[in-house]
Amino acid sequence: MLKTNIKRYIAVFILAGAMSIVAAPAFSAGTYGVMSKEELKGQLGSDQLTILDVRTGRDWNSSEFKIQGAQRAASGDFEQWSAGYAKDKTLVLYCA
Amino acid sequence: MNRSSKYKPPDSARQAFLFAGVYALGLMVSPDNLALLGRFAGHFGVYTALLMAGVALLYFSYIRSYEDLYTHFSGPADNALDMRAIMGTWLAYYPLIVRTMAAIFITTGLTVSSGFVFNEVFVYWFPNFSFAYILLALLAGLFFLGPATRAKAQSIFVGTAMAGLALLVVAGLFKDASQAASPMSASPTIALPWFFVPLLLFMGFDIGIPETGVSPGRAKASLKAIKSAIALFGVLMVLWAIVSAQHVAGEKLAATSIAHMIAAREILGQSGRIIMGIVVITGTCAAVNALFESIARMTEAMRRQRMLPGLRYVPRAAVLGVATAATAMMAGGLAGDEALEVYIRAVLLLWLGGYGLLQVRLLSIPPAAGAVIPNITKARLLTTAAITFGGVTILALTNGHTMFILKIMATTLGLALFFGTFGKWRDKGGHHAENQH
(Lines give C-alpha, C1' and ligand atoms only; values in the text may rest on other atoms or scores of the structure.)
Protein backbone atom coordinates (compact mmCIF):
# COMPACT_ATOMS: atom_id res chain seq x y z
CA MET A 1 0.00 0.00 0.00
CA LEU A 2 2.81 2.36 0.96
CA LYS A 3 4.73 1.47 -2.22
CA THR A 4 1.63 2.23 -4.29
CA ASN A 5 1.18 5.59 -2.56
CA ILE A 6 4.81 6.51 -3.15
CA LYS A 7 4.51 5.60 -6.83
CA ARG A 8 1.36 7.71 -7.13
CA TYR A 9 3.07 10.59 -5.38
CA ILE A 10 6.09 10.49 -7.68
CA ALA A 11 3.81 10.18 -10.71
CA VAL A 12 1.96 13.34 -9.71
CA PHE A 13 5.21 15.29 -9.56
CA ILE A 14 6.45 13.94 -12.87
CA LEU A 15 3.09 14.82 -14.42
CA ALA A 16 3.37 18.33 -13.01
CA GLY A 17 6.81 18.61 -14.53
CA ALA A 18 5.61 17.33 -17.90
CA MET A 19 2.71 19.78 -17.85
CA SER A 20 5.10 22.63 -17.24
CA ILE A 21 7.10 21.61 -20.33
CA VAL A 22 3.95 21.60 -22.47
CA ALA A 23 2.42 24.73 -20.97
CA ALA A 24 5.52 26.92 -21.10
CA PRO A 25 5.07 28.13 -24.69
CA ALA A 26 1.50 29.21 -23.85
CA PHE A 27 2.90 31.88 -21.58
CA SER A 28 5.10 33.53 -24.16
CA ALA A 29 4.60 37.21 -25.11
CA GLY A 30 1.07 38.00 -26.20
CA THR A 31 0.57 41.59 -27.32
CA TYR A 32 4.26 42.54 -27.69
CA GLY A 33 6.65 41.34 -30.38
CA VAL A 34 8.95 38.45 -29.76
CA MET A 35 12.52 38.63 -30.94
CA SER A 36 14.42 35.45 -31.66
CA LYS A 37 17.85 34.95 -30.19
CA GLU A 38 19.40 35.12 -33.67
CA GLU A 39 17.77 38.53 -34.27
CA LEU A 40 18.95 39.75 -30.88
CA LYS A 41 22.46 38.47 -31.44
CA GLY A 42 22.66 40.42 -34.67
CA GLN A 43 21.73 43.65 -32.91
CA LEU A 44 23.95 43.30 -29.85
CA GLY A 45 26.05 46.40 -29.30
CA SER A 46 23.65 48.64 -31.21
CA ASP A 47 22.89 52.05 -29.70
CA GLN A 48 19.25 51.62 -30.61
CA LEU A 49 18.84 48.55 -28.48
CA THR A 50 18.48 48.30 -24.73
CA ILE A 51 18.33 44.87 -23.15
CA LEU A 52 16.53 44.60 -19.85
CA ASP A 53 16.81 41.58 -17.61
CA VAL A 54 13.48 41.35 -15.77
CA ARG A 55 14.27 38.24 -13.77
CA THR A 56 13.94 38.50 -10.02
CA GLY A 57 14.77 36.41 -6.99
CA ARG A 58 16.25 32.99 -7.63
CA ASP A 59 15.44 33.28 -11.33
CA TRP A 60 18.21 35.85 -11.54
CA ASN A 61 20.43 34.87 -8.58
CA SER A 62 20.84 31.27 -9.67
CA SER A 63 21.37 31.83 -13.36
CA GLU A 64 24.84 31.86 -14.81
CA PHE A 65 23.58 33.21 -18.12
CA LYS A 66 23.28 36.95 -18.17
CA ILE A 67 23.50 38.93 -21.39
CA GLN A 68 26.43 41.29 -21.30
CA GLY A 69 25.34 44.89 -21.12
CA ALA A 70 21.81 44.04 -19.97
CA GLN A 71 20.29 46.24 -17.31
CA ARG A 72 18.11 44.88 -14.56
CA ALA A 73 14.53 46.04 -14.38
CA ALA A 74 11.46 44.98 -12.46
CA SER A 75 8.77 43.79 -14.88
CA GLY A 76 6.05 44.84 -12.47
CA ASP A 77 7.17 48.51 -12.56
CA PHE A 78 7.20 48.74 -16.36
CA GLU A 79 5.06 51.88 -16.46
CA GLN A 80 7.46 53.70 -14.16
CA TRP A 81 10.85 52.99 -15.67
CA SER A 82 9.85 52.64 -19.34
CA ALA A 83 9.16 56.37 -19.53
CA GLY A 84 12.87 56.98 -19.01
CA TYR A 85 13.78 55.44 -22.38
CA ALA A 86 13.53 57.20 -25.74
CA LYS A 87 10.49 56.04 -27.70
CA ASP A 88 12.51 55.35 -30.84
CA LYS A 89 14.70 52.81 -29.04
CA THR A 90 14.02 49.11 -28.94
CA LEU A 91 13.60 47.66 -25.48
CA VAL A 92 14.16 43.93 -25.20
CA LEU A 93 12.92 42.34 -22.00
CA TYR A 94 14.18 38.87 -21.32
CA CYS A 95 13.50 36.46 -18.50
CA ALA A 96 14.98 33.17 -19.64
CA MET B 1 15.82 -3.61 5.07
CA ASN B 2 14.07 -1.28 7.47
CA ARG B 3 11.46 0.60 5.44
CA SER B 4 9.91 2.33 8.38
CA SER B 5 10.28 6.07 8.55
CA LYS B 6 10.28 5.87 12.35
CA TYR B 7 13.55 7.04 13.80
CA LYS B 8 15.88 4.17 14.66
CA PRO B 9 19.03 5.04 16.60
CA PRO B 10 22.40 3.98 15.15
CA ASP B 11 23.46 0.44 16.09
CA SER B 12 27.08 1.20 16.89
CA ALA B 13 29.37 4.03 17.93
CA ARG B 14 30.88 4.03 14.42
CA GLN B 15 27.43 4.35 12.88
CA ALA B 16 26.53 7.10 15.34
CA PHE B 17 29.72 8.94 14.42
CA LEU B 18 29.05 8.72 10.69
CA PHE B 19 25.36 9.46 11.04
CA ALA B 20 26.02 12.60 13.05
CA GLY B 21 28.79 13.81 10.77
CA VAL B 22 26.96 13.50 7.46
CA TYR B 23 23.79 15.11 8.75
CA ALA B 24 25.70 17.91 10.46
CA LEU B 25 27.31 18.70 7.11
CA GLY B 26 24.00 18.66 5.23
CA LEU B 27 23.19 22.35 5.37
CA MET B 28 26.84 23.39 5.30
CA VAL B 29 27.48 21.95 1.82
CA SER B 30 24.40 23.64 0.34
CA PRO B 31 24.95 25.79 -2.77
CA ASP B 32 23.63 28.85 -0.92
CA ASN B 33 26.55 28.50 1.46
CA LEU B 34 28.99 28.25 -1.43
CA ALA B 35 27.58 31.40 -3.00
CA LEU B 36 27.78 33.25 0.32
CA LEU B 37 31.32 32.01 0.93
CA GLY B 38 32.38 33.21 -2.50
CA ARG B 39 31.08 36.70 -1.87
CA PHE B 40 32.70 36.67 1.54
CA ALA B 41 36.03 35.65 0.02
CA GLY B 42 35.66 38.48 -2.47
CA HIS B 43 35.61 40.92 0.42
CA PHE B 44 38.24 39.41 2.64
CA GLY B 45 40.61 37.49 0.35
CA VAL B 46 43.21 35.59 2.37
CA TYR B 47 41.82 36.95 5.65
CA THR B 48 38.83 34.65 5.10
CA ALA B 49 40.82 31.95 6.90
CA LEU B 50 41.14 34.04 10.07
CA LEU B 51 37.46 34.85 10.31
CA MET B 52 36.40 31.29 9.49
CA ALA B 53 38.71 29.99 12.23
CA GLY B 54 37.11 32.38 14.70
CA VAL B 55 33.63 31.28 13.75
CA ALA B 56 34.62 27.62 13.95
CA LEU B 57 35.71 28.26 17.55
CA LEU B 58 32.33 29.81 18.25
CA TYR B 59 30.64 26.69 16.90
CA PHE B 60 32.86 24.49 19.02
CA SER B 61 31.50 26.49 21.95
CA TYR B 62 27.94 25.69 20.84
CA ILE B 63 28.86 22.00 20.71
CA ARG B 64 30.40 22.26 24.17
CA SER B 65 27.09 23.62 25.37
CA TYR B 66 25.31 20.57 23.99
CA GLU B 67 27.85 18.39 25.80
CA ASP B 68 26.97 20.24 29.00
CA LEU B 69 23.29 19.59 28.31
CA TYR B 70 23.89 15.85 28.22
CA THR B 71 25.74 16.17 31.50
CA HIS B 72 22.90 18.13 33.10
CA PHE B 73 20.13 15.93 31.79
CA SER B 74 21.63 12.47 32.07
CA GLY B 75 18.35 10.79 32.77
CA PRO B 76 16.69 8.07 30.68
CA ALA B 77 17.86 8.14 27.07
CA ASP B 78 14.45 9.12 25.80
CA ASN B 79 14.56 12.27 27.87
CA ALA B 80 18.15 13.06 27.02
CA LEU B 81 17.14 16.10 25.00
CA ASP B 82 13.66 17.10 26.09
CA MET B 83 12.88 20.44 24.42
CA ARG B 84 11.17 21.69 27.56
CA ALA B 85 14.38 21.04 29.47
CA ILE B 86 16.65 22.60 26.82
CA MET B 87 14.68 25.69 25.86
CA GLY B 88 12.39 26.03 28.86
CA THR B 89 8.66 25.36 28.63
CA TRP B 90 7.81 28.75 27.12
CA LEU B 91 10.10 28.26 24.11
CA ALA B 92 9.95 24.47 23.87
CA TYR B 93 8.32 24.63 20.42
CA TYR B 94 10.72 27.30 19.12
CA PRO B 95 13.27 24.90 17.56
CA LEU B 96 10.58 22.92 15.75
CA ILE B 97 8.82 25.99 14.38
CA VAL B 98 12.09 27.52 13.20
CA ARG B 99 13.32 24.31 11.66
CA THR B 100 10.02 23.72 9.88
CA MET B 101 10.06 27.20 8.38
CA ALA B 102 13.71 26.77 7.43
CA ALA B 103 12.94 23.43 5.81
CA ILE B 104 10.15 24.92 3.71
CA PHE B 105 11.93 28.07 2.52
CA ILE B 106 15.41 26.62 2.08
CA THR B 107 14.04 23.57 0.25
CA THR B 108 12.12 25.85 -2.10
CA GLY B 109 15.16 27.99 -2.83
CA LEU B 110 17.69 25.21 -3.20
CA THR B 111 15.61 22.97 -5.46
CA VAL B 112 14.89 25.90 -7.76
CA SER B 113 18.59 26.82 -7.86
CA SER B 114 19.42 23.22 -8.72
CA GLY B 115 16.92 23.38 -11.53
CA PHE B 116 18.74 26.31 -13.05
CA VAL B 117 22.09 24.60 -12.73
CA PHE B 118 20.77 21.41 -14.34
CA ASN B 119 19.32 23.41 -17.20
CA GLU B 120 22.34 25.64 -17.78
CA VAL B 121 25.14 23.12 -17.17
CA PHE B 122 23.77 19.72 -18.18
CA VAL B 123 20.60 19.62 -20.29
CA TYR B 124 19.69 23.01 -21.69
CA TRP B 125 16.32 21.95 -23.09
CA PHE B 126 15.05 20.48 -19.80
CA PRO B 127 12.90 23.07 -17.99
CA ASN B 128 14.53 24.17 -14.76
CA PHE B 129 11.33 24.11 -12.70
CA SER B 130 10.49 20.61 -13.88
CA PHE B 131 13.84 19.44 -12.59
CA ALA B 132 13.17 21.23 -9.30
CA TYR B 133 9.80 19.47 -8.88
CA ILE B 134 11.26 16.09 -9.78
CA LEU B 135 14.21 16.52 -7.45
CA LEU B 136 11.91 17.49 -4.59
CA ALA B 137 9.68 14.50 -5.29
CA LEU B 138 12.66 12.16 -5.31
CA LEU B 139 13.97 13.55 -2.03
CA ALA B 140 10.54 13.26 -0.45
CA GLY B 141 10.33 9.70 -1.79
CA LEU B 142 13.77 8.94 -0.34
CA PHE B 143 12.42 9.88 3.06
CA PHE B 144 9.91 7.04 2.92
CA LEU B 145 12.62 4.46 2.24
CA GLY B 146 13.67 4.46 5.88
CA PRO B 147 16.37 6.03 8.06
CA ALA B 148 19.13 3.61 7.07
CA THR B 149 18.65 4.31 3.36
CA ARG B 150 18.39 8.03 4.02
CA ALA B 151 21.64 7.97 5.98
CA LYS B 152 23.44 6.06 3.21
CA ALA B 153 22.10 8.48 0.63
CA GLN B 154 23.19 11.40 2.82
CA SER B 155 26.73 9.98 2.94
CA ILE B 156 26.76 9.83 -0.86
CA PHE B 157 25.38 13.36 -1.23
CA VAL B 158 27.80 14.91 1.24
CA GLY B 159 30.73 12.83 0.07
CA THR B 160 30.18 13.73 -3.58
CA ALA B 161 29.71 17.43 -2.88
CA MET B 162 32.86 17.65 -0.77
CA ALA B 163 34.86 15.49 -3.18
CA GLY B 164 33.87 17.76 -6.06
CA LEU B 165 34.92 20.83 -4.14
CA ALA B 166 38.17 19.20 -3.10
CA LEU B 167 38.90 18.38 -6.74
CA LEU B 168 38.35 22.00 -7.73
CA VAL B 169 40.52 23.17 -4.83
CA VAL B 170 43.39 20.92 -5.91
CA ALA B 171 43.00 22.02 -9.54
CA GLY B 172 42.93 25.64 -8.42
CA LEU B 173 46.04 25.29 -6.31
CA PHE B 174 47.98 23.74 -9.19
CA LYS B 175 46.84 26.26 -11.78
CA ASP B 176 48.67 29.55 -12.08
CA ALA B 177 46.72 32.20 -10.20
CA SER B 178 45.40 35.03 -12.30
CA GLN B 179 44.63 37.19 -9.27
CA ALA B 180 46.36 37.94 -6.00
CA ALA B 181 44.36 36.56 -3.09
CA SER B 182 44.31 39.85 -1.26
CA PRO B 183 41.59 41.98 0.27
CA MET B 184 39.31 43.72 -2.19
CA SER B 185 40.80 46.97 -3.38
CA ALA B 186 37.65 48.45 -4.94
CA SER B 187 36.56 50.02 -1.68
CA PRO B 188 38.67 50.94 1.34
CA THR B 189 36.15 49.60 3.85
CA ILE B 190 34.20 46.41 4.25
CA ALA B 191 30.64 46.77 5.49
CA LEU B 192 30.12 45.60 9.08
CA PRO B 193 27.57 42.85 8.29
CA TRP B 194 30.19 40.98 6.28
CA PHE B 195 32.16 40.35 9.47
CA PHE B 196 29.18 38.38 10.78
CA VAL B 197 28.19 36.57 7.61
CA PRO B 198 30.47 33.58 8.42
CA LEU B 199 28.17 32.88 11.38
CA LEU B 200 25.73 31.49 8.83
CA LEU B 201 28.21 29.18 7.12
CA PHE B 202 28.36 26.46 9.78
CA MET B 203 24.67 26.46 10.56
CA GLY B 204 22.79 23.23 10.69
CA PHE B 205 25.43 21.34 12.70
CA ASP B 206 22.73 20.53 15.26
CA ILE B 207 20.89 18.42 12.69
CA GLY B 208 23.52 15.81 13.44
CA ILE B 209 22.66 15.74 17.14
CA PRO B 210 20.39 12.83 18.04
CA GLU B 211 17.31 14.04 19.85
CA THR B 212 16.20 10.78 21.32
CA GLY B 213 16.78 7.11 21.67
CA VAL B 214 20.54 7.15 22.34
CA SER B 215 22.54 6.99 25.52
CA PRO B 216 24.35 10.14 26.65
CA GLY B 217 27.64 8.38 25.90
CA ARG B 218 26.59 7.68 22.31
CA ALA B 219 25.30 11.24 22.05
CA LYS B 220 28.69 12.60 23.09
CA ALA B 221 30.31 10.47 20.39
CA SER B 222 27.96 12.13 17.93
CA LEU B 223 29.10 15.55 19.13
CA LYS B 224 32.72 14.56 18.54
CA ALA B 225 31.76 13.60 15.00
CA ILE B 226 30.15 16.98 14.51
CA LYS B 227 33.30 18.77 15.70
CA SER B 228 35.31 16.75 13.17
CA ALA B 229 32.77 17.61 10.48
CA ILE B 230 33.03 21.34 11.25
CA ALA B 231 36.83 21.19 11.21
CA LEU B 232 36.90 19.29 7.90
CA PHE B 233 34.31 21.55 6.31
CA GLY B 234 36.07 24.64 7.62
CA VAL B 235 39.40 23.65 6.10
CA LEU B 236 37.81 22.81 2.75
CA MET B 237 35.87 26.07 2.69
CA VAL B 238 38.93 28.16 3.54
CA LEU B 239 40.92 26.49 0.77
CA TRP B 240 38.04 27.02 -1.66
CA ALA B 241 37.78 30.67 -0.65
CA ILE B 242 41.51 31.21 -1.19
CA VAL B 243 41.48 29.44 -4.53
CA SER B 244 38.43 31.44 -5.64
CA ALA B 245 40.11 34.71 -4.68
CA GLN B 246 43.25 33.66 -6.56
CA HIS B 247 41.42 33.07 -9.82
CA VAL B 248 38.64 35.65 -9.78
CA ALA B 249 38.96 39.36 -9.01
CA GLY B 250 37.75 40.23 -5.54
CA GLU B 251 35.31 42.85 -6.80
CA LYS B 252 33.68 40.35 -9.14
CA LEU B 253 33.44 37.68 -6.47
CA ALA B 254 31.98 40.10 -3.95
CA ALA B 255 29.31 41.36 -6.32
CA THR B 256 28.05 38.15 -7.90
CA SER B 257 25.38 35.73 -6.72
CA ILE B 258 27.15 32.76 -8.35
CA ALA B 259 30.70 33.17 -7.10
CA HIS B 260 31.15 29.40 -6.91
CA MET B 261 30.22 28.86 -10.58
CA ILE B 262 32.43 31.68 -11.78
CA ALA B 263 35.40 30.42 -9.77
CA ALA B 264 34.89 26.85 -11.00
CA ARG B 265 34.74 28.09 -14.59
CA GLU B 266 37.92 30.11 -14.20
CA ILE B 267 39.78 27.15 -12.68
CA LEU B 268 38.77 24.32 -14.98
CA GLY B 269 36.64 25.82 -17.72
CA GLN B 270 33.72 23.67 -18.87
CA SER B 271 34.91 20.75 -16.74
CA GLY B 272 34.88 23.06 -13.74
CA ARG B 273 31.27 24.04 -14.48
CA ILE B 274 30.27 20.39 -14.70
CA ILE B 275 32.01 19.51 -11.44
CA MET B 276 30.46 22.50 -9.68
CA GLY B 277 27.09 21.58 -11.19
CA ILE B 278 27.40 18.17 -9.56
CA VAL B 279 28.46 19.84 -6.29
CA VAL B 280 25.40 22.12 -6.40
CA ILE B 281 22.90 19.35 -7.06
CA THR B 282 24.36 16.90 -4.54
CA GLY B 283 24.74 19.76 -2.05
CA THR B 284 21.05 20.53 -2.51
CA CYS B 285 20.18 16.88 -1.94
CA ALA B 286 22.34 16.82 1.19
CA ALA B 287 20.74 19.97 2.61
CA VAL B 288 17.14 19.00 1.84
CA ASN B 289 17.59 15.41 3.04
CA ALA B 290 19.16 16.71 6.26
CA LEU B 291 16.30 19.15 6.81
CA PHE B 292 13.69 16.41 6.25
CA GLU B 293 15.58 14.11 8.62
CA SER B 294 15.77 16.89 11.18
CA ILE B 295 12.02 17.53 11.04
CA ALA B 296 11.27 13.81 11.33
CA ARG B 297 13.60 13.24 14.30
CA MET B 298 12.48 16.34 16.14
CA THR B 299 8.78 15.57 15.72
CA GLU B 300 9.40 11.96 16.75
CA ALA B 301 11.24 13.11 19.88
CA MET B 302 8.52 15.61 20.74
CA ARG B 303 5.83 13.02 20.04
CA ARG B 304 7.48 10.64 22.53
CA GLN B 305 7.81 13.49 25.02
CA ARG B 306 4.07 14.10 24.58
CA MET B 307 4.56 17.56 23.18
CA LEU B 308 2.93 16.55 19.90
CA PRO B 309 0.00 14.20 19.18
CA GLY B 310 1.01 10.63 19.93
CA LEU B 311 0.11 9.28 16.48
CA ARG B 312 2.92 7.23 14.91
CA TYR B 313 2.66 8.90 11.49
CA VAL B 314 3.29 12.44 12.83
CA PRO B 315 6.94 12.55 11.63
CA ARG B 316 5.99 11.30 8.15
CA ALA B 317 3.10 13.75 7.98
CA ALA B 318 5.40 16.58 9.03
CA VAL B 319 7.92 15.85 6.28
CA LEU B 320 5.19 15.40 3.70
CA GLY B 321 3.74 18.73 4.85
CA VAL B 322 7.09 20.46 4.38
CA ALA B 323 7.55 18.97 0.90
CA THR B 324 4.02 19.95 -0.08
CA ALA B 325 4.48 23.48 1.21
CA ALA B 326 7.72 23.84 -0.74
CA THR B 327 5.98 22.57 -3.88
CA ALA B 328 3.17 25.06 -3.38
CA MET B 329 5.69 27.87 -2.94
CA MET B 330 7.42 26.96 -6.18
CA ALA B 331 4.10 26.74 -7.98
CA GLY B 332 3.08 30.08 -6.49
CA GLY B 333 6.16 31.80 -7.89
CA LEU B 334 7.90 32.50 -4.60
CA ALA B 335 11.20 31.38 -6.09
CA GLY B 336 11.09 34.34 -8.43
CA ASP B 337 10.29 36.75 -5.63
CA GLU B 338 12.92 38.61 -3.64
CA ALA B 339 10.82 37.83 -0.57
CA LEU B 340 12.12 34.23 -0.55
CA GLU B 341 15.65 35.44 0.20
CA VAL B 342 14.30 37.54 3.06
CA TYR B 343 12.38 34.56 4.47
CA ILE B 344 15.49 32.40 4.24
CA ARG B 345 17.65 35.02 5.94
CA ALA B 346 15.05 35.49 8.66
CA VAL B 347 14.76 31.80 9.51
CA LEU B 348 18.55 31.40 9.51
CA LEU B 349 18.81 34.28 11.96
CA LEU B 350 16.09 32.71 14.10
CA TRP B 351 17.98 29.41 14.02
CA LEU B 352 21.20 31.20 14.95
CA GLY B 353 19.33 32.99 17.72
CA GLY B 354 18.32 29.56 19.02
CA TYR B 355 22.00 28.76 19.56
CA GLY B 356 22.25 31.96 21.62
CA LEU B 357 19.15 31.07 23.63
CA LEU B 358 20.78 27.74 24.51
CA GLN B 359 23.74 29.57 26.08
CA VAL B 360 21.40 31.76 28.14
CA ARG B 361 19.41 28.70 29.19
CA LEU B 362 22.53 26.92 30.42
CA LEU B 363 23.41 29.95 32.56
CA SER B 364 20.14 29.46 34.41
CA ILE B 365 20.52 25.73 35.06
CA PRO B 366 22.70 24.67 38.01
CA PRO B 367 25.06 21.83 36.97
CA ALA B 368 24.00 19.78 39.98
CA ALA B 369 22.09 20.26 43.20
CA GLY B 370 23.96 22.80 45.32
CA ALA B 371 26.71 23.33 42.76
CA VAL B 372 27.55 26.57 40.96
CA ILE B 373 28.53 27.15 37.36
CA PRO B 374 32.32 27.66 37.16
CA ASN B 375 33.37 31.19 36.22
CA ILE B 376 35.14 30.03 33.11
CA THR B 377 31.96 28.33 31.92
CA LYS B 378 29.95 31.45 32.67
CA ALA B 379 32.44 33.52 30.70
CA ARG B 380 32.28 31.12 27.76
CA LEU B 381 28.48 31.07 27.76
CA LEU B 382 28.20 34.85 28.07
CA THR B 383 30.74 35.53 25.34
CA THR B 384 29.14 33.00 23.02
CA ALA B 385 25.68 34.41 23.63
CA ALA B 386 26.88 37.99 23.14
CA ILE B 387 28.58 37.25 19.81
CA THR B 388 25.58 35.24 18.63
CA PHE B 389 22.96 37.81 19.52
CA GLY B 390 25.20 40.61 18.29
CA GLY B 391 25.56 38.86 14.95
CA VAL B 392 21.82 38.20 14.69
CA THR B 393 21.06 41.85 15.47
CA ILE B 394 23.54 43.28 12.99
CA LEU B 395 22.55 40.91 10.20
CA ALA B 396 18.86 41.66 10.82
CA LEU B 397 19.25 45.43 11.01
CA THR B 398 21.56 45.82 8.02
CA ASN B 399 19.69 43.58 5.64
CA GLY B 400 17.75 46.18 3.67
CA HIS B 401 14.50 44.43 4.60
CA THR B 402 14.79 45.01 8.32
CA MET B 403 11.11 45.54 9.10
CA PHE B 404 10.11 42.46 7.13
CA ILE B 405 12.71 40.34 8.92
CA LEU B 406 11.71 41.69 12.31
CA LYS B 407 8.05 40.92 11.58
CA ILE B 408 8.91 37.33 10.67
CA MET B 409 11.03 36.95 13.79
CA ALA B 410 8.36 38.45 16.02
CA THR B 411 5.67 36.21 14.49
CA THR B 412 7.81 33.14 15.02
CA LEU B 413 8.52 34.03 18.63
CA GLY B 414 4.85 34.72 19.15
CA LEU B 415 3.92 31.32 17.72
CA ALA B 416 6.49 29.60 19.90
CA LEU B 417 5.20 31.37 23.00
CA PHE B 418 1.62 30.51 22.06
CA PHE B 419 2.40 26.80 21.83
CA GLY B 420 4.61 27.05 24.88
CA THR B 421 1.74 28.54 26.87
CA PHE B 422 -0.52 25.76 25.67
CA GLY B 423 2.11 23.20 26.67
CA LYS B 424 2.56 24.76 30.08
CA TRP B 425 -1.18 24.77 30.67
CA ARG B 426 -1.46 21.15 29.58
CA ASP B 427 1.46 20.07 31.74
CA LYS B 428 0.17 21.81 34.85
CA GLY B 429 -0.25 19.15 37.45
CA GLY B 430 1.31 16.47 35.23
CA HIS B 431 4.81 15.65 33.97
CA HIS B 432 7.30 18.51 34.47
CA ALA B 433 10.37 17.88 32.31
CA GLU B 434 12.28 20.86 33.69
CA ASN B 435 12.56 19.21 37.07
CA GLN B 436 14.00 15.98 35.69
CA HIS B 437 17.73 15.45 35.93
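Order of the sequence lines sets the chain letters (A, B, ...), proteins ahead of strands, with each chain counted from 1. The analysis underlying the following values was restricted to heavy atoms, covering all of them including side chains, and did not include hydrogens, waters or symmetry mates.
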Top contributor to chain A interface from B/Arg265, B/Glu120, B/Met261, B/Glu338 [non-hydrogen pairs under 4.5 Å]
B/Glu120
Assess the pair B/Phe131 and B/Phe116: is the distance between their ring centroids shorter than 6.0 Å?
no
With a 4.5 angstrom heavy-atom cut-off, could you sort out which part of [X] is near chain A: side chain, backbone, both or neither?
| X | value |
| --- | --- |
| B/Leu135 | neither |
| B/Asp32 | side chain |
| B/Glu341 | side chain |
| B/Val121 | side chain |

To the nearest 0.5 Å, tell me how far B/Leu320 CG sits from B/Thr327 OG1.
9.0 Å
Atom CG of B/Leu139 and atom CZ of B/Arg150: how far apart are they, to the nearest 0.5 Å?
12.0 Å
B/Tyr313 atom OH, neighbour heavy-atom count above 12 within 6.0 Å:
no
Side-chain donor-acceptor pair present, A/Tyr94, A/Asp53, cut-off under 3.5 Å
yes
